[in-house]
Amino acid sequence: MRIAFYAPLKPPDHPVASGDRNIARALMQALTAAGHDVVLASRLRSLDSRGDEARQRRLHALGDRLAARLAARLASDRRPDAWFTYHVHHKAPDLLGPFATRALGIPYVIAEASIAGKQVDGPWLAGYARACAAVRAADLVVSLNPADVAGVAGARPAGAAAASLAPFIDVASFAGNAAPATPKPRARVRLATVAMMRPRAKLASYRVLASALEALRDLDWQLAIVGDGPARADVEAAFAPIHDRITWLGAREPADIASLLRASEVFLWPAIDEAIGLVFLEAQACGVPVVGAATPGVAAVVSADRTGLLVSVGDVAAFAAATRRLISDAALRGRMSAAAFVYVRECHDVPRAATQLDALLRGACAAHRRAA
């Protein structure tokens, strides 16, 4: 099938890296691996990050004009068989898919929609209304984050088609398929974290991590930090009491990150307000056990107590205790390393996702034809 793909928050070829961009790319890759012809429908970003009502009105008017032009163009030039939108929410609603699919008479599929009821009378009211309209119009909504399932169900008609898909990465491309080498015995345990340095949630996670590790100075470890961004000075200040245990590596390319992870023994990230956290999959793909937060999104990518340890969000003492456990127990690290390597390849790789997406897409298309 020919599939029109659209990501209103950030197009998959955007120059700035992010988890959202990576998931959009992975979805396009999985659909292509399933044999579909995937074309990027538009690069329009509908994002309003500030809750600016005037900006939302301008964006929505622009989106309506572009949707009409796009539908006319697609009707005369290699008409798609289906439309696939990734990530719809009140800050970045889909302004193109609902109109284009009605005009073309094709199925409309959304992967990952976030419906936050508290926005019904907030500054993103217009974006919330458009996001809800898109979710209601979709033939199928596929959820990657279990935390979003209830909100989506409440915004859709009773009995509307819905499904879940495990988050995934291209394991072979990122980490290769060679089993991790047995680490040589050493006193100092190598820890790693990988995250952008941004205000609010990212900075809060770094502060939890710093506080947790400060309580573990009696153990022998070294933390390598990959990441950079506008909050770097604040992040460095958080780690100042343990600066001698930190190696600052700055922003790195995926190949460098994979090499660092393969050389590490534990991956740490408190994951405050983390929707999914693909970096947990990347670490486990390299055979590295993880310590993270027991949020629905993180729990969807970590097999708790088998490939890593998950604790309550923001609980410094619990995060420190879990980290202490892995630093102190080499045998546990070894078991979790082996389990993590297998787990990601069995449950979170592109081939599995491609098979699932293909079946879901074909089912949605068949249901659309029956309802026509």
Side-chain angles (χ1 to χ4, degrees), residues 1-14 18-34 36-42 44-47 80-98 100-101 106-115 130-153 155-156 160-170 275-278 281 296-297 300-301 347-365 367-368:
M1 287 188 286
R2 182 173 173 82
I3 301 171
F5 186 96
Y6 176 50
L9 177 60
K10 179 182 283 188
D13 57 358
H14 193 277
S18 69
D20 216 73
R21 187 191 72 172
N22 291 345
I23 295 175
R25 289 180 172 183
L27 286 166
M28 292 186 76
Q29 181 183 5
L31 290 167
T32 300
H36 301 291
D37 178 17
V38 185
V39 294
L40 187 60
S42 175
L44 173 67
R45 296 189 74 189
S46 64
L47 176 65
D81 300 296
W83 180 287
F84 193 106
T85 291
Y86 164 63
H87 208 174
V88 173
H89 63 116
H90 59 275
K91 292 184 181 181
D94 185 356
L95 306 176
L96 306 180
T101 53
I106 60 174
Y108 177 37
V109 176
I110 294 174
E112 196 55 26
S114 303
I115 301 298
R130 294 294 286 258
C132 288
V135 165
R136 284 194 300 272
D139 292 88
L140 171 68
V141 176
V142 181
S143 295
L144 283 79
N145 185 348
D148 293 325
V149 172
V152 168
R156 281 172 62 72
S164 294
L165 177 72
F168 62 96
I169 61 172
D170 184 349
I276 295 173
L278 293 184
L281 289 179
V301 297
C347 302
H348 298 279
D349 203 356
V350 168
R352 179 185 174 92
T355 299
Q356 292 177 311
L357 276 174
D358 183 58
L360 291 171
L361 189 62
R362 293 185 185 280
C365 290
H368 184 87

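For the numbers below, each heavy atom of this structure counts, side chains included, while hydrogens, waters and symmetry mates do not.
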Any sub-3.5 Å donor-acceptor pair from Asn145's side-chain atoms to Ala275's backbone N or O? yes

Which atoms form the tightest heavy-atom contact between Val88 and Ala134, and what is the distance? CG1-CB, 4.4 Å

Is a side-chain donor or acceptor of Arg2 paired with a backbone partner of Asp37 at a separation under 3.5 angstrom? no

Kindly compute the distance separating CZ (Arg362) from CG (Asp81), expressed to the nearest 0.5 Å. 9.5 Å

Are side-chain heavy atoms of Leu95 and Pro8 found at a separation under 4.5 Å? no

In terms of heavy-atom contacts, Asp358 and Ala34 come closest through CB-CB, 3.8 Å

For residues Pro167 and Ile23, determine if any side-chain heavy atom of one lies less than 4.5 Å from a side-chain heavy atom of the other. no

Taking Tyr108's backbone N and O only, do any of them form a donor-acceptor pair with Asp139's side chain (distance below 3.5 Å, no angle check)? yes

Main chain of Pro11, side chain of Arg45: is a donor-acceptor contact present, judged purely on distance under 3.5 Å? no

Closest approach of Leu360 and Ala163, non-hydrogen atoms and distance? CD2-CB, 3.5 Å

So how far is it from Phe168 CZ to Leu278 CG, rounded to the nearest 0.5 Å? 9.0 Å

Which heavy-atom pair separates Leu165 from Gln356 by the least distance, and what is that distance? CD1-OE1, 3.2 Å

Under the criterion side-chain contact (heavy atoms from CB on, under 4.5 Å), I'd like the reasoning laid out for His90 against Cys132: C-alpha separation, chi angles, the key distance, then a yes or no. CA-CA 8 Å; His90 59 275; Cys132 288; over 6 Å; no

Considering only heavy atoms from C-beta outward, does the side chain of Leu31 approach that of Leu361 to under 4.5 Å? yes

Flag, side chain of His36 to backbone of Met1, donor-acceptor distance under 3.5 Å: yes

Could you tell me whether the side chain of Ser46 and the main chain of Pro93 form a donor-acceptor pair under 3.5 Å? yes

Rounded to the nearest 0.5 Å, what's the gap from CZ on Arg21 to CG on Leu9? Could you check? 12.5 Å

Rounding to 0.5 Å, atoms CG (Leu357) and CD (Gln29) come to a distance of 11.5 Å

Contact summary for Ala300 and His348, nearest pair of heavy atoms: O-CE1, 3.1 Å

Side chain proximity check, Leu47 to Lys10, heavy atoms < 4.5 angstrom: no

Any chance you could measure Leu96, atom CG, to Thr85, atom OG1, to the nearest 0.5 Å? 7.5 Å

Distance from Leu144 atom CG to Leu27 atom CG, nearest 0.5 Å? 6.0 Å

Would you call the rings of Phe84 and Phe5 parallel, tilted or perpendicular, where under 30° means parallel and over 60° means perpendicular? parallel

Which heavy-atom pair separates Ala7 from Ala24 by the least distance, and what is that distance? CB-CB, 4.3 Å

